[in-house]
Amino acid sequence: MTAGRLVFSGFDPADEGRREALCTLGNGYFATRGAAPESTADGVHYPGTYVAGCFNRLTSEVAGHRFEDESIVNAPNWLPLTFRVDDGPWFTLQEVELLEAEQELDPLRGVLVRRLRFRDQHGRTTRLVQHRLVHLGHAHLACLDTTLQVEDWSGTLTVRSGLDGDVANTGVARYRALAAHHLVDHHVAEASPEVAVLDAQTSQSRVRIAVAQRTRLLVDREHRQVPTSHLGEKRVDHAFTTDVIPGAQVRVEKTTSLHTSRDPASSEPVSEAVDSAGDAPGFDELCRSQTVAWGRLHRHFTTTTGLDEPARRSLLLHRFHLLQTAAPNITDLDVGLPARGLHGEAYRGHVFWDELFVLPVLDLRMPQLSRALLNYRYRRLPRARRAARQAGLAGAMFPWQSGSNGREESQSWHLNPRSGRWLPDHTYLQRHVGLAVAHSARHHHLATGDDDYLSDQGAELICEIARFFSSLATYDRGTDRYVIRGVVGPDEYHTAYPGRDEPGIDNNAYTNVMTAWLCATATQVLRELPALRRRELVDQLDLRHHEVDRWDQLAHRVFVPFHGPGLLSQFEGYHELAELDWESYLRRYGTIQRLDRILEAEGDDPNRYQVSKQADVLMLFYLLTAEELEEILGRLGYPTPDIPANVEHYLARTSHGSTLSAVVHAWVLARGHRPRALEFFDDTLVSDLHDTQHGTTAEGVHLAAMTGTLDLVQRCFTGIEVRPDGLHLNPLWPTGLGPLDLTLRYRGVPLDVRVSGRTVAVRTAPGPPTPTITCVCGPHHAHLRPGETARFSMDATAAGGATDEPL
Ligand code: BGC
């Protein structure tokens, strides 16, 4: 990487999938992998295009089981562009000798550039420069600008540019036994001499997707050649033929527009696509406005650190991929946060609890984006209520994997690629996803101070989720405590007790402690509502006194398993499971992140061992501060956990089979063991860049881990917490790294924050009167009006109050 750019040299077929995922371009509405335009899905290349929120369901029959599953749809491919000399073969990378090859992603502008110099079988040398963008400001537009430069030959050059609707979801090898053809009912048409259009419909959800292309061969500034069109059944092509001599330069501009029948402000997608492709500005103009749009968006996320160049570039890349998925365009859409971005087909584009790692970053930068993602959950509240009812429970049960309408989309069977066996999948029992939704809603309210959000949506979400967990908990006479049985915690290796038929484990510490947090939060939130709204909500939800009393009891009497002084048990019975001989597995397999697959392939079962896929108990220290945890456990009558002892205990038993694990470990180690925290931070900085989960990046980036690195800088090293009494700060930034500067937005007020070592300065933007901001650091606090600065030091006793000095 150089100057913020991600550069790939040469062409490595084995690594092409990773490069394509990392070079994906998107704008929140749709995204396209960085595949070579002349390529097809051939095992090396995978030119996927995904429209946010566009799902389809298909039924498959695998290993004697018939099931329906929902996937994000691989939309018609708008990329195809290739060329040939005379009647020779069409250009592909595999057919030529590559003399130079480089691809460069510019995350500051959202532009991907490919430069090739190659020699064909007849010894003809040609240069190719291709620029690509998916426009951030014009949500439907993408452009591919290709220049071919002839070096040492003469002949007839034919360029072919097309739209390909003959695509399927075949991007993930593990899913290849599943039905994959989502598009039916294709049509192609020539709309004008320069514009052609292809449309198709998803087979079950009946979303019509239309892609139009305008292709121009730019002869010089004034002249352009009109293409000839070839209409196929599921494909349409434009072609140009031109005679060239050495030194000739041929430039082809392909502008495409993608619309669907779900778009706002739309009549029907075919005419919309034709109109916008036909009216679109040329590449140079699009590139200019793209640069402006990305510049504005990046400005909201300004972060300056003295970290080394590679770390800063990774942070920029992570921000870029986050903002390509959660771009401002999503505020007009109904989309959730797909765990793997719009970058590939892993997890079929589903939405998990991963937003828990993402929304806090957005809350303090562009809260309208986190609000849009929370709206996705709120709109699916009726489904979640239905799911709870069907399970014989109350309130709202959010699905572990969510897609179009909020139905549970977790797979019931999954393939272990190591053993080749299809196995029942009980990870859907991760009821804790609802706790994440409630936590995100609460954080959003505290960070934005948006009381209307709390009144209109947040309180309802939180109360309905509290209702659900309250009905999930049962009273256990023996312990005089409330217990939660038959769930799965964040660690997906434990889905049942060895030898027990029914799935699920009992009293997952994370789920139970967060239930106590939720119940206390729900009653608190009710108290915070204005009296009239509280009465309305109580009527609307038919919330009874005894229910709220029960929340209070749960906040005081939930059972939490411990198995040593201050040592939390991941779940009841975890510490009685066998210990794994980690050394021997490491020796035999080298990489043991996916121990579950290794053990199953050996005929064994991870449920038998004290092994965790990812942080589970430690999630508590990630989400809650030591004081919050002490308060929750104190109310429950439990001792304060020994955080370092818990971290050591579980760290020794975790295989980090999820990229989320390193984020959480970096976070929980940051204050007690900085060098180890920085190792985990460094691991996460390269987890997709170096594909540290071995082959998974090609199937889509890990958006929560990427965002986790941004949040480590934003909230962990600054010690920022949003609490009801103000913005708390507890800086701990290595002095050697110079100052850390952030531009945040807290309760609607723009703030500049500068952290150096253990000192912090906060400055509110000057300007019209805004609410006073309260900052709290240790025992000190300051109330800031516009244009004022507060300085605090955790080292010294002195802490400045508000002044009007600059930072
Ligand atoms: C992790 C989950 C996560 C999912 C999607 C899984 O591997 O175990 O915690 O939500 O990936 O990122």
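Side chains are part of it too, since the values below use all heavy atoms of this structure and drop only hydrogens, waters and symmetry mates. Whatever order the structure lists ligands and atoms in, that order sets their numbers, starting from 1. The chain is numbered in sequence order, starting from 1.
- With hydrogens and angles disregarded, a donor-acceptor distance shorter than 3.5 Å links the side chain of Asn508 to the backbone of Thr511.
- Among protein heavy atoms, the minimum distance from atom 6 (C) of ligand 1 is reached at Tyr347 OH, 3.2 Å.
- Ring geometry for Tyr574 against His494 counts as perpendicular: the plane angle is over 60°, on a 0 to 90° scale with 30° as the lower cut.
- With no hydrogens or angles considered, no side-chain donor-acceptor pair links Asn375 and Asp334 at under 3.5 Å.
- The distance from ligand 1 to the heavy atoms of Ala339 drops below 4.0 Å at these ligand atoms: 5 (C), 12 (O).
- Under the 3.5 Å distance criterion, with hydrogens and angles disregarded, a donor-acceptor pair is assigned to the side chains of Glu70 and Ser404.
- For the pair Arg380 and Phe398, the cation-pi test (distance below 6.0 Å, angle within 45°) is failed.
- Of all the heavy atoms of Lys613, the ones lying under 4.0 Å from any atom of ligand 1 belong exclusively to the side chain.
- Scanning the protein for heavy atoms near atom 1 (C) of ligand 1, the closest one is Gln614 OE1, 3.5 Å.
- Taking a cutoff of 4.0 Å between a charged side-chain nitrogen and a carboxylate oxygen, Asp605 and Arg608 do not qualify as a salt bridge.
- When only interatomic distances are considered, the shortest N/O to N/O separation between Ser658 and ligand 1 does not fall below 3.5 Å.
- The CZ atom of Phe352 lies 8.5 Å from the CD atom of Gln430; values are rounded to the nearest 0.5 Å.
- Of the protein's non-hydrogen atoms, Phe352 CD2, 3.8 Å is the one closest to atom 4 (C) of ligand 1.
- Listed for the Thr202 side chain is a donor-acceptor partner under 3.5 Å among the backbone atoms of Val207.
- In terms of polar-atom proximity, Trp400 is not counted as a contact of ligand 1, lacking any N or O under 3.5 Å from an N or O of the ligand.
- The residue Thr659 has no part lying near ligand 1, judged by heavy-atom distances below 4.0 Å.
- Shown in contact with Glu492 at under 4.0 Å from a heavy atom are these atoms of ligand 1, numbered in order with element: 6 (C), 8 (O).
- Evaluated by nearest non-hydrogen atom to atom 3 (C) of ligand 1, the leading choice among Asp491, Val351, Asp354 is Asp354.
- Of the protein's non-hydrogen atoms, Trp353 NE1, 3.8 Å is the one closest to atom 2 (C) of ligand 1.
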